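Below, chain A is the first sequence line, B the second, and so on; all start at residue 1. Note that this is a predicted model, so its numbers are computed, not measured.
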Amino acid sequence: MRMVRYVANKFFYMLVSLFVLISATFFLMKAIPGDPFTSEKKVPPEIKARLYEQYGLDKPLYHQYFKYLGDIAQGDLGVSMKRLNQDVTHLIGQTFSASLKLGVVAIIVSVIVGVILGMLAALYHRKFIDSAAMVIAVLGIAVPSFVVASILQYVFAYKLHLVPVSGFKGPLYYFLPVAALSAQPIAFIARLTRSSMLEVLHADYIKTAKAKGLSWFAILSRHVLRNGILPVVTYMGPMTANIVTGSVVIEQIFGIGGIGKQFVEAIGVRDYTVIMGITIFYGVLLMLARFITDIAYVFIDPRIKLSGGKEG
Amino acid sequence: MKKSKSLLLMFALVLVISTVLAGCGGNNTNNGSNANTGNTANTGNTADTGNTATDEKLAADQTLKINLSAEPPTFDPAQAQDSQANTVLKTMYEGLTRMNDETGKAEPGIAESWEISADGLVYTFKLRDALWSNGDPVEAADFVRAWKRVLDPSTDPTAPYAYQLYYLKNGEEYYTKKVTDFAQVGVKAVDAKTLEVTLKAPTPYFLGLLSFYTYYPVHKSVEGNAKWATSKDTMIVNGPFTLTDWVTGQSLQVTKNDKYWDKDSIKLGKIDFSLVNSGATELLSYKNGELDRAGGPTGEIPTEQIPIVQKELPNEFNRKGIASVYYYEFNITEKPFTNAKIRKALAMSIDRQVLIDNVTLGGQLPAFGFVPPGIAGAEGEYRTAVKDSYFTEDLEQAKTLLAEGLKEEGLTKLPTVELTYNTSEGHKKIALAIADMWKQALGVDVKTVNQEWAVFIENRQHLNYQVARAGWVADYNDPMTFLDMWVTGGGNNDTGYANPEYDKLINDAKASSDLAKRQEDFAAAEKMLIEDDMVLIPLYYYTNNSLTKEYLKGVTLDFSGGIDLTRGYLLEH
């Protein structure tokens, strides 16, 4: 019962946030100078007037706003104003699937590599492995992804001919973008894991466990890892959202038809319906990611209990 | 990334129409023979390509790999309006005529021959036996249908380039609903294989226009299916290739169409387009053998890499002048730029060659006029007959003119000049270099302002600027495409320039079909625009820089940098 109430509560706030997001984006977007039909070679006034009429841009702003709200309430995101007649849902579906495929692989790689690096660093605290892992981590955080991407392209594709420079046609094409995309999360996860594990390793209950005579492996897997990995779970939510929403830079450099690239292009040409569609999609995705993180906490950390708010 | 973004936007506005035969003006009397000549030329050409092919050994895999820096927003010829769409549509459709990029002349396409009436107004086309990709014959009605879609304001969405068909009699009137009966518009299917086109005014470059995508035919299946051009499965085309794969934002693929009437001249089996918007990646992919061609007009070689690849790959590097001009325009309605002397002083104090050698690096040509080389004149090129010697780079004269201008305006010093450009690394470097030249030469303080593309365009179109960057690309091969924009109230005249004498010259040229007379009018108008009034500062005429693997042959560029991939082929390598 408590769980249901908790979920319902969260869900209500999600709807409110989404509404605020839609409204703010809508009006800000309209406030920027230019519209989908702005072009250097001017379209004659009668043609421009006709285009405005067909896309409802001739109507007052509040009218356009309510019409848009009405449409999305029915689940209709409309058609693109620049990519003529293409459904926004189709565009999101197609571009998101590319970002998702790449993103999921990058997340898995980040978590595995990050946690292992962090654990090694914690277990061999102040030894060579620790320093090496942390140097990698600092580099990963400090070097921007486009630099990492360019270096990877130059070394692995151009010099060593191991993988293609760009494109996204098969397994071989995943290596470079995944590496570039996960460099930063790996670094972050490694640092998080390291510090929280160091903390846990010195906790009293680990000493107790040792005193009890538990095997080192059992202590590691049951106590240290389970507690030490908590901050990583917190970070997982935003990271997942961040990665699957598509990295514009990585998608541009490797020529991947992802949603991040699509979003930036839509803003550049003021493709109103696509901007709104992707914004809403991003909003929902981020909120869901947070929501799942919150729920996941409950299962991983026994200390967190649901407080049902005001008890009736 | 920013740089390629706005370059892309700039190119995205580029319209590529090709053109005109100096000899085939509206005043021809014996047009039947004209059509015949066209025909023979075409057969000759086909045979030619056949020969070259036997001398050299063709590669077994005829798949051309090329990059487009932007995805064409649509494959509906009526909706297209950018150069990337032009590149791809040209592989999938064929209009009444086809441009031969080498000769710059229109050759028979779907039309096998044509006759032009003595007054240059009525064109009668005889269609050849061509097929759509589903086996249906291409008929005159397909053209009528396509042109009606373009001119019909109720087409959803309406064709942004509808005005490209305003050359037709009653075309504009039909769009603006002054004429409601389409039968009165100047296009008629006399029978299945005969199309009669009537123009509003004699248009010497009309045959060239017919090879442009807005004039392509569409299959009858498009009726009642607004989304036909959004899926490869519903696209029935009549050109050398059909669309066989399309992944949004990632790749496109076209495959040879065996129903195409001239399929024997097509050697490529497939063309794979990647969609990477990064000059650096494109160059690396090219060097790595993942692309057969890189650079303009479909992609981009990073500016700073141009001098390097030029040395590194001299046999693969190509540079070609294209009919486009880069310039700075003035808002001449606002002081102090209401004064022509001040405008001239700024124009004269720029060292264009220094700018090209150190900043733009693409081997561009210094511009002192507005019509670029490569545009056809009465005989040969316009720029060869009419030199752009409207002013010279002269510091002393610039200083004198500035002093005189300031005096006339009652000023002692020029207030800080605001120079606006759209966000791009390239435009920024040019702006900074010129600001510095003005400061050094004339002691003028310049504030450079960078604005996002659409914001910049809005401001410029609303005369909300002092000096702004601009570029213009030919729509068709005639000086008119550069000069008619400066008439009073012209849609693309973002300067506030209004000169009745100038308007008169342009109107005279429009009404005339006498090529020599037109050229005189153009020359007088250009002189007025630059030498007398200096409404804008010409900086350079563009060049197209590209890399082509030595085994790739037969890919051609037209006068304005439009690319034709269809007759390309790959040699063994």
Side-chain angles (χ1 to χ4, degrees), chain A residues 32-48 50-51 53-55 79-87 90-91 93-95 98 146 149-150 153-154 157-158 161 164-169 248-249 251-259 261-262 264-265 268-271, chain B residues 1 4-6 9-10 12-15 67 70-71 73-74 76 79 81 153 156-163 166 172 175-176 226-230 247-251 274-278 280-282 284-285 287-288 290 452-455 457-461 470-473 475 491-492:
Chain A
I32 319 174
D35 62 51
F37 309 111
T38 299
S39 67
E40 186 161 26
K41 295 208 169 165
K42 244 194 197 164
V43 170
E46 70 275 9
I47 298 178
K48 200 159 183 173
R50 184 72 195 120
L51 284 164
E53 201 182 316
Q54 283 174 332
Y55 286 104
V79 292
S80 163
M81 294 185 180
K82 289 305 270 191
R83 292 167 164 270
L84 295 153
N85 282 329
Q86 289 190 48
D87 288 317
H90 168 79
L91 278 178
Q94 212 172 11
T95 53
F146 69 89
S150 307
Q153 275 184 333
Y154 187 78
Y158 183 54
H161 295 286
V165 175
S166 68
F168 199 54
K169 291 168 211 154
V248 190
V249 179
E251 285 167 7
Q252 297 262 26
I253 294 181
F254 291 102
I256 297 163
I259 194 165
K261 186 176 160 198
Q262 186 67 46
V264 171
E265 277 173 18
V269 297
R270 307 284 188 272
D271 193 338
Chain B
M1 185 202 102
S4 39
K5 171 119 207 128
S6 40
L9 281 162
M10 197 171 74
L13 297 164
V14 169
L15 214 202
N67 182 48
E71 184 175 1
T74 177
D76 181 344
Q79 305 292 352
Q81 44 176 340
D156 189 20
T158 195
Y161 264 6
Y163 64 93
Y166 284 3
E172 183 170 3
Y175 191 87
T176 53
K227 296 192 187 298
W228 68 276
T230 63
V247 184
T248 306
Q250 200 161 299
S251 60
S274 61
L275 304 171
V276 180
N277 179 14
S278 156
T281 304
E282 181 175 324
L284 211 53
S285 304
K287 287 183 175 173
N288 216 20
E290 292 167 42
E452 187 260 1
W453 174 250
V455 175
I457 292 293
E458 283 282 299
N459 280 333
R460 219 176 66 189
Q461 290 178 347
W472 195 254
V473 182
D475 279 342
N492 291 301

Quiz item: For the candidates Ala470(B), Ala159(B), Ala226(B), which exhibits the highest count of non-hydrogen atom pairs separated by less than 4.5 Å from chain A?
Solution: Ala226(B)
Practice problem: State, to 0.1 Å, how close Asn85(A) and Pro157(B) come at their nearest heavy-atom pair, and which atoms those are. | Solution: ND2-CD, 3.7 Å
Exercise. Mind ranking Ile256(A), Ile259(A), Thr95(A) by heavy-atom pairs under 4.5 Å with chain B and telling me who comes out on top?
Key: Ile256(A)
Quiz item: Which region of Tyr55(A), side chain (C-beta onward) or backbone (N, CA, C, O), has a non-hydrogen atom less than 4.5 Å from a non-hydrogen atom of chain B, or is it both or neither?
Solution: side chain
Self-check item: Glu53(A) side chain near Thr158(B) side chain, heavy-atom distance below 4.5 Å
Solution: no
Quiz item: For the candidates Ala157(A), Ala98(A), Gly258(A), which exhibits the highest count of non-hydrogen atom pairs separated by less than 4.5 Å from chain B?
Solution: Ala157(A)
Quiz item: Non-hydrogen atoms of chain A under 4.5 Å away: do they reach the side chain of Gln79(B), the backbone, both or neither?
Solution: both
Quiz item: What are the two closest heavy atoms between Leu284(B) and Tyr158(A), and how far apart are they?
Solution: CD1-CG, 3.8 Å
Practice problem: Please flag which part of Glu282(B) lies under 4.5 Å from any non-hydrogen atom of chain A: side chain, backbone, both or neither. | Solution: neither
Quiz item: Of the backbone (N, CA, C, O) and the side chain (C-beta and beyond), which part of Asp156(B) lies under 4.5 Å from a heavy atom of chain A, both, or neither?
Solution: both
Quiz item: If you count heavy-atom pairs under 4.5 Å between each of Asp35(A), Val79(A), Ile253(A), Leu91(A) and chain B, which one has the most?
Solution: Ile253(A)
Quiz item: About how many Å separate CZ of Phe168(A) and OG of Ser251(B), when rounded to the nearest 0.5 Å?
Solution: 11.0 Å
Quiz prompt | Contacting moiety of Ala280(B), where chain A heavy atoms sit under 4.5 Å | solution = neither
Self-check item: Minimum heavy-atom distance Leu275(B)-Lys261(A), with the two atoms named
Solution: O-NZ, 2.9 Å
Exercise. Answer yes or no: is there a side-chain heavy-atom contact under 4.5 Å between Arg83(A) and Thr248(B)?
Key: yes
Practice problem: Name the region of Trp472(B), side chain, backbone, both or neither, that has any atom closer than 4.5 Å to a heavy atom of chain A. | Solution: side chain
Exercise. Let me know if Ala229(B) has heavy atoms under 4.5 Å from chain A in its side chain, its backbone, both or neither.
Key: neither
Quiz item: So which of Arg50(A), Gln94(A), Glu46(A) has the biggest tally of heavy-atom pairs under 4.5 Å with chain B?
Solution: Arg50(A)
Quiz prompt | Nearest-0.5 Å distance, CD of residue Gln262(A) to CD of residue Gln250(B) | solution = 11.5 Å
Quiz item: Thr281(B) versus chain A, heavy atoms under 4.5 Å apart: side chain, backbone, both or neither?
Solution: both
Self-check item: Interatomic spacing from CG in Asn277(B) to CD in Glu265(A) - rounded to 0.5 Å
Solution: 6.5 Å
Quiz prompt | With Gln86(A) via side-chain hydrogen bond (donor to acceptor under 3.5 Å, both in side chains) - residues at least two apart | solution = none
Practice problem: Determine the minimum heavy-atom distance between Gln461(B) and Glu40(A), stating which atoms define it. | Solution: NE2-O, 4.0 Å
Exercise. State the NZ-OH distance between Lys42(A) and Tyr163(B), to the nearest 0.5 angstrom.
Key: 12.0 Å
Quiz item: Of the listed residues (Arg460(B), Glu290(B), Glu452(B), Glu458(B)), which shares the most heavy-atom pairs with chain A below a 4.5 Å separation?
Solution: Glu290(B)
Quiz prompt | Minimum heavy-atom distance between Val43(A) and Pro160(B), given as atom pair plus value | solution = CG1-O, 4.0 Å
Quiz prompt | For Lys227(B), all residues meeting salt bridge (charged side-chain N to carboxylate O under 4.0 Å, His left out), sequence neighbours excluded | solution = Asp87(A)
Exercise. In sequence, state the C-alpha distance, the side-chain angles, and the governing distance for Lys41(A) and Asp475(B), and then conclude on side chain to side chain contact (heavy atoms under 4.5 Å, CB included).
Key: CA-CA 10 Å; Lys41(A) 295 208 169 165; Asp475(B) 279 342; 2.8 Å; yes
Quiz item: What are the two closest non-hydrogen atoms of Gly34(A) and Ala454(B), and how far apart are they?
Solution: CA-CB, 4.2 Å
